[in-house]
Amino acid sequence: MAEHESLEFGKADFVLLDNVSLEEFMANLKLRFEKGRIYSYIGEVVVSVNPYRAMNIYGRDTIEQYKGRELYERPPHLFAIADAAYKAMKRRNKDTCIVISGESGAGKTEDMSVTSVCLYRVKNMLLKSNCVLEAFGNAKTNRNDNSSRFGKYMDINFDFKGDPIGGHINNYLLEKSRVIFQQEGERSFHSFYQVSEGLTTDIKKLFLFCQPFQTPDKSHQTCIVFSILQSSINDSADFKAVTDAMKVIGFTTGEIQTVYKILATILHLGNLKFGSDGDVTLIENSKLVSVLGDLLSTKDENVEKALLYRTVATGRDVIDKQHTHQEASYGRDALAKAIYERLFCWIVGRINDIIEVKNYDARVHGKNTVIGVLDIYGFEIFQNNSFEQFCINYCNEKLQQLFIQLVLKQEQEEYQREGIPWKHIDYFNNQIIVDLVEQQHKGIFAVLDEACMNVGKVTDEMFLQALNGKLAKHAHYTSRKLSPTDKNLEFDRDFLHSLYSVVGFIDKNKDTLFQDFKRLLYNSSNPVLKAMWPEGKLSITEVTKRPLTAATLFKNSMISLVENLASKEPYYVRCIKPNDVKSPLLFEHERCKHQVEYLGLLENVRVRRAGFANRQTYPRFLQRYKMISEFTWPNHDLPSDKEAVKRLLQGCGFEHDVAYGKTKVFIRTPRTIFNLEEQRAEMVKRIVLFLQKVWRGTLARMRYRRMRAALIIIRAYRRYKVKSYIREVNRRFKNVRGMKDHGKHVKWPTPPKVLRKFEEALRNIYNRWWAWTLIKDLSPEEMVQIRAKVATLECLKGQRADLGLQRAWEGNYLVSKKDSPGTASSFTLVSSDLQRKDKFMRVLFSCNVRKINRFNKAEDRALLITDRHLYKMDPVKQYKPMKSIPLYNVTGVSISPGKDQLVVFHTKDNRDLIVCMQGMVPAGDSRIGELVGTLFSHFKSEKRKLQVNIVSPIHCSMNGRKCTVIVETKINQSQPDFTKSRSGYILSVPGN
């Protein structure tokens, strides 16, 4: 049973219909088609409705969903039937076959391709062969753009492991008459149009293709019809695909060129016209004779003779009998058909030579099993049904009979194996139709062969009279003579209910091809062409048996095919064509109903429903439904699976609707199946929720254990890395106290990531210790100087070039005799008086400066900075104090980034002091760093903030007036000096 689908899509398996009737069958088929469900089941038979649109249900992921699954476990699909055939072949070591049937346009060729693809192990060449055979054996008809005009049966051979090792293709009844005639709106075989569109102009000239192709006169009905019809087919792209496929399969370049030449030969034969000069038949367009000679690699005179004469042997005498106009035309058409048929058979044979199993020894390699795939023409009923349609429909009747017999046989055998009583089923047995066609001495084929063997002129009308005489009493035979009131039948033309016209039956059955043509082609210098006509080597006087007729050959091939299929385990795909206009939306009820009836699908449902709608093996049944019963979930402890199934069904109350076989349980009504499926679906939800809960808990516990284990490992690893690092640091720095540089040269080990901040702290500790070892023996005065230099680095590092760090800082330079050799004692007296008066503790800095006042006047002054005040003194007047600024009133200092000695002291009352230090000894000495560092260190010791700015120009305020100070270098300037500018002041300093 197919996987339980929502009822909005109908019943996936027709066996599960509530009432088995044609109306309910059709309603379910229509509903599934409209819902996009093109596949359905009848037990193990797939019913396929052509969707007439591309569907995304054939990808590799879809194949994987069906691989190894039972039919009822997934929704209906071709992949399921292909996989079932493969499993049966592999498990039971038994040959299987897939029979694809249906009328033209129902999608048989596409289904065969899909089925072959599903046998995913099939070699590339088997798949490529489909492309080539479709080009030469398929044509556009009024019903189908890619109609198979031949029957194909393909065997795929597998070794004991289930891997493909080769294959073989049989072809049946190519519709060669299509080469010379097509019904209105149809085309000849694809191959003609593909070479027409695909070959380049140069290659066409090389192979002597006529340009353009001539469409024949309608009155000349026997010539090759090659009208270019508008269609959706892309012949140019198809030509490239076919050529590539032939190369992949193994056709040589010479063989492919021979194929082109044969197609060109047929096209030129279609343009060949005959005329008469009295009693003599002539070729009107005689230039074509040399073209045909070149294409066939034979002499022109031999071609002309074969077209106009027939060699007849009378005893030992050989004479050339000239054709009449009618005989010449007939011979030309017969040659065109025969050449194309031989070409097609040669292509099939060439493919078989390449893909067949070679050097396989069953004793060494194991048994060689086979999956056969049959794609054969479906029932065809046209307005004009001739010999080909009769043979095609006979083939379908034969296969339908096999289908009914095998399905019944399978059902009976299964019931007998399982010990279930068999109930007789009434169905239409079409064996009577098959006998009507093929019965010895009485069948239509026998009557046709007998008519063809009669001496003298035998016409189609005479054949129809013979049928009327022998089959007049047959219930399924009629003609206008036997049914005068049936106006659908024409006198002396039609027979049977399908309106077969006897016109052409005799000629097509004889399938006469003059021996002269066979000898002509056998004597060709082209080896490929020569090999196609082995019978051409016979001598003219050699007596041979009468060749079998086309009907007999076809009947024998059908009997052989049926015997071959009957020896295998069959699987069926029944294709249905929903409408004649190739619409993906239209479902023509009467059209589909007719196909359902002649395909015997309803009889198939009745056979399958004979007493029991469904059957499954006990293990499979338990596997699907065991969650319904507490006695079977999760596993049962009963003596056997059969007992477990009984207990399950009894618990559900279905024991009166089932029968128990030896290995299977048989369920009578579809309603029981649906109830089981509903209960299963409900339990599956609960089981899924339970499994999700358990699985999520399991995942959480597993995740927790992994995280905990990871944490323990990480912690242990971190401890190991930390200990290793600390041990290494301890080893390297163990003896630094005794080192000359106290370990400054020691390289630090690389810390683990977790200890990077620790390493920074450790380095700081070491650096502080290292610095302490350096300064621990310094005097208090030296410590003050060190702190000032550190403050200078903190403020000015990287912003001024010369900070004066390498020299000793004296601070109070005016006391020194170097800066003021004659006035040092005067400065000392003044500073002592100021110390007594202002009570400062110490002098921070003093030196000579050049200042600019608010009146824009520049003067020499002395600068004294103590721990409490900043004094401005006049050195000319014995360092008389001019002005003092409390140090707490100073907010910051500004200096330039150059080498000048400019300093601006910023105050809270916006009365900034602008000075430039001068008179240094030595002259090039820089005291900016010392001044800034000393002030910054002092402010820092008093926990006050001093803003230090390194900018150019310097912005300041003179008694509330905003101004800027710019430093300029002048070459002829001897001493720094201030001048007035528009925006403030300019400090001119000497240039180097």
Side-chain angles (χ1 to χ4, degrees), residues 696 698-780 782-807 809 892-895 897 928-951:
R696 284 171 180 162
T698 302
L699 287 177
R701 286 188 289 272
M702 290 170 59
R703 193 180 302 114
Y704 166 74
R705 284 194 291 269
R706 284 196 301 268
M707 291 172 63
R708 188 170 179 273
L711 182 61
I712 292 171
I713 293 170
I714 290 171
R715 284 175 175 172
Y717 181 72
R718 282 180 176 174
R719 284 196 298 271
Y720 162 74
K721 295 294 286 185
V722 168
K723 289 178 180 179
S724 299
Y725 175 73
I726 292 174
R727 280 196 294 265
E728 182 63 19
V729 171
N730 182 55
R731 186 185 68 80
R732 296 189 183 189
F733 289 87
K734 186 176 182 179
N735 300 315
V736 292
R737 286 188 178 89
M739 296 178 184
K740 188 175 180 180
D741 62 351
H742 300 291
K744 198 66 176 176
H745 72 283
V746 176
K747 185 178 180 181
W748 286 78
T750 303
K753 189 175 181 180
V754 70
L755 291 182
R756 285 179 183 172
K757 290 186 177 181
F758 172 75
E759 188 219 19
E760 292 177 6
L762 201 60
R763 281 178 181 264
N764 290 334
I765 292 171
Y766 169 75
N767 290 332
R768 290 173 68 86
W769 173 83
W770 181 82
W772 175 79
T773 60
L774 296 179
I775 65 175
K776 65 179 181 178
D777 297 327
L778 298 178
S779 64
E782 291 174 326
M783 284 299 298
V784 170
Q785 190 175 145
I786 290 296
R787 289 194 179 94
K789 288 183 177 182
V790 170
T792 300
L793 284 173
E794 185 178 345
C795 297
L796 305 181
K797 185 178 181 181
Q799 301 187 65
R800 275 188 70 103
D802 183 13
L803 301 180
L805 299 175
Q806 284 74 28
R807 62 177 178 82
W809 288 358
V893 293
S894 293
I895 60 176
I928 289 292
E930 182 178 355
L931 172 60
V932 173
T934 301
L935 278 176
F936 192 83
S937 177
H938 175 72
F939 272 67
K940 191 175 182 180
S941 67
E942 293 188 350
K943 298 182 180 180
R944 287 165 33 191
K945 184 177 180 181
L946 179 69
Q947 182 69 36
V948 179
N949 303 314
I950 303 96
V951 295

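In what follows, every heavy atom counts, from backbone to side chain, and hydrogens, waters and symmetry copies are set aside.
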*For Gly929 and Leu796, which heavy atoms make the closest approach, and how far apart are they?*
CA-CD1, 4.1 Å
*Work out which heavy atom in Leu805 is nearest to a heavy atom in Lys789; give both atom names and the distance.*
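Answer, listing the atom of Leu805 first, then Lys789: O-NZ, 3.0 Å.
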Could you give the side-chain donor-acceptor pairs of residues 698-708 under 3.5 Å, partners two or more places apart or in another chain?
residue	atom	partner	partner atom	Å
Thr698	OG1	Val694	O	2.8

Cut-off 3.5 Å, no hydrogens considered: what does the side-chain donor-acceptor table look like for residues 931-939, sequence neighbours left out?
residue	atom	partner	partner atom	Å
Thr934	OG1	Glu930	O	2.7
His938	NE2	Asp867	O	3.3
His938	NE2	Glu942	OE2	3.1

*Should the heavy atoms of other residues, nucleotides or ligands under 6.0 Å from CZ of Arg718 be counted, would the total exceed 12?*
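Atom CZ in Arg718 is not packed in, count stays at 12 or less.
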_Holding to salt bridge (charged side-chain N to carboxylate O under 4.0 Å, His left out), I want the full list of residues that pass it with Arg731, two or more places apart in sequence or in another chain._
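With sequence neighbours excluded, Arg731 shows a salt bridge (charged side-chain N to carboxylate O under 4.0 Å, His left out) to Glu728, given in chain and number order.
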Between [atom1] on residue [X] and [atom2] on residue [Y], distance to nearest 0.5 Å:
{"X": "Arg800", "Y": "Ile928", "atom1": "CZ", "atom2": "CD1", "value": "5.0 Å"}
{"X": "His742", "Y": "Phe733", "atom1": "NE2", "atom2": "CZ", "value": "13.5 Å"}
{"X": "Asn730", "Y": "Arg727", "atom1": "CG", "atom2": "CZ", "value": "10.0 Å"}

*With no hydrogens and no angle check, is any side-chain donor or acceptor of Trp809 less than 3.5 Å from a backbone partner on Ala788?*
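No, because the side chain of Trp809 does not come within donor-acceptor range (under 3.5 Å) of the backbone of Ala788.
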_Non-hydrogen side-chain atoms of Val736 and Trp770 separated by less than 4.5 Å_ = no
Report, one line per pair, each donor and acceptor closer than 3.5 Å where one atom sits in a side chain of residues 719-726; sequence neighbours left out.
residue	atom	partner	partner atom	Å
Ser724	OG	Tyr720	O	2.7

*Looking at residues at least two apart in the chain, or sitting in another chain, which of them share a side-chain hydrogen bond (donor to acceptor under 3.5 Å, both in side chains) with Asn949?*
Ser894, Gln947
Validation: residues 744-762 side-chain donor-acceptor distances under 3.5 Å, sequence neighbours left out:
residue	atom	partner	partner atom	Å
His745	ND1	Asp741	OD1	3.1
His745	ND1	Asp741	OD2	3.0
Glu759	OE2	Arg763	NE	3.1
Glu759	OE2	Arg763	NH2	3.2

